[in-house]
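See below for the structure under consideration.
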Amino acid sequence: MSKAIVSSLYDSDVFKMACRQFDQAADAINLPDAIRDRTKYPRRCLAVSIPVRRIDGSVTVFEGYRVQHNISTGPSKGGIRFHQDVTLGEVAALAMWMSWKCSLAGLPYGGAKGGVIVNPSKLSESELEHLSRRYMQEMVNFLGPQTDVPAPDVGTNEKIMGWMMDTYSTHVGYLSPAVVTGKPIALGGSQGRREATGAGVAYLTKKYLEDMKLPVNKATAVIQGFGNVGSETAIALSNYGAKIIAISDYTGGIYNPKGINLKKALEYVKYAKVLKDFDGGEPISNEALLELKCTALIPAALERVITDKNAGKLKCRVLAEGANGPTTNAADRILEQREEIELIPDVLCNSGGVIVSYFEWLQNLSSFYWTRDEVLTKLYGMLDKAKDSVDAQKRKFKFNRRLAALTLGIARVAEAKASRGLFP
Ligand code: NAD
């Protein structure tokens, strides 16, 4: 039995969801008590106040977090989210999933995540820069190429990573590109990093469709979220010949059974920032979009959108989790009964992002840069390996695919912790 004495610090639906997933996996592999809670709970966290001078001269204080879930297997690694609904519990859950993801992919990292409670679209460019730099400044003694390496997540991008890298480098007194990944190429970013997560989601979707004898060039895809992951998944799937029939962002969705013109959608979003009023199809709500008949459904926005209310109504053959934590525990139980749907769990499905972040970090540390082809070839090789190991685990123990992926990821972290021993 679990003997942890813990406060309500991380209490939230999404942290509870990540803990339930952990408990189920830990039970399935009989993880010994002595190691269980050490593996489960975040190692440490930092909460900071970030004062930002606004363009009208006033000052707004934002709250930011960084949770380092596991630092036993290498520096911790994970994105920074700028979103108005960020909570410490959400950041902790995302950090936990990063631990299992890095471990499953065989990366020499622990998991971490960061966040700031802010709607970045409400800030001017200079306010956003001030916020990003001050967040990094507050974290400077907590992060570093051998300590904890951030990357982009929802609401952050290459430009923000560049500002953060510059702030850290100014502090230490020399260029330190390996402190952050997902940077602009000019600052030591990797070829292929921008598209890595989406390219990986599309690659694994194609692979699973092949396993099911469904040709990708006859497939239809529905994608929720049209930011980095959603748009890059759409581009890569469409390059494989799939038809993208619906896309969405926080303003709603667009449905076109004949196929969305992605080039036009991307141009529209570049200019209008959102998909609202894009005339490439019929408007559709984010809820209705998830229930569209399609070959592949790809949630690529926020957590907990596939619930016990809609899991029974999904009409896809593959559910590819581009987002982290899109499926609740209750929805998982329903999907387990729906054998016609193949689930590609988040810790496998979207791991292309952190894999190419690892490549970026390696290139920065060695100052030796790879071509895009080299990056993508190595990425697909690592995804194949992770996919094969998950499917072998699934077959061997008759687990569902999420349990197979989580048990592999968790067991490796637990084994490393047990081998290191417990410092008195
Ligand atoms: P992003 O900020 O680039 O894009 C997020 C998209 O989701 C935007 O189009 C936004 O409008 C949309 N969105 C926000 N709220 C929504 C809502 N309620 N309904 C529908 N759409 C909504 O973020 P991203 O980097 O693409 O991240 C998306 C997901 O992928 C997150 O779960 C993130 O943790 C995960 N992820 C990202 C990466 C990465 O490399 N960026 C890697 C792995 C996983």
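Whatever order the structure lists ligands and atoms in, that order sets their numbers, starting from 1.
- Judged as a salt bridge (Lys or Arg N to Asp or Glu O under 4.0 Å), and not counting sequence neighbours, the contacts of E127 are R54.
- With 3.5 Å as the limit, one finds no donor-acceptor pair spanning the side chains of E291 and N310.
- Among protein residues, R81, P152, D153, V154, G155, R193, T197, Q224, G225, F226, G227, N228, V229, D249, Y250, N286, A300, A301, L302, G322, A323, N324, N350 come within 4.0 Å of ligand 1, judged on heavy atoms.
- Applying the salt bridge (Lys or Arg N to Asp or Glu O under 4.0 Å) criterion to D346, with sequence neighbours excluded, gives R402.
- Using a cutoff of 4.0 Å between basic side-chain nitrogens and carboxylate oxygens, K276 and D249 are not scored as salt-bridged.
- When the salt bridge (Lys or Arg N to Asp or Glu O under 4.0 Å) test is applied to R20, no partner is found at least two apart in sequence or on another chain.
- Applying the ring pair (Phe, Tyr, Trp, His ring centres under 6.0 Å) test between H69 and each of W100, W97, F22, F15 identifies W100 as the sole match.
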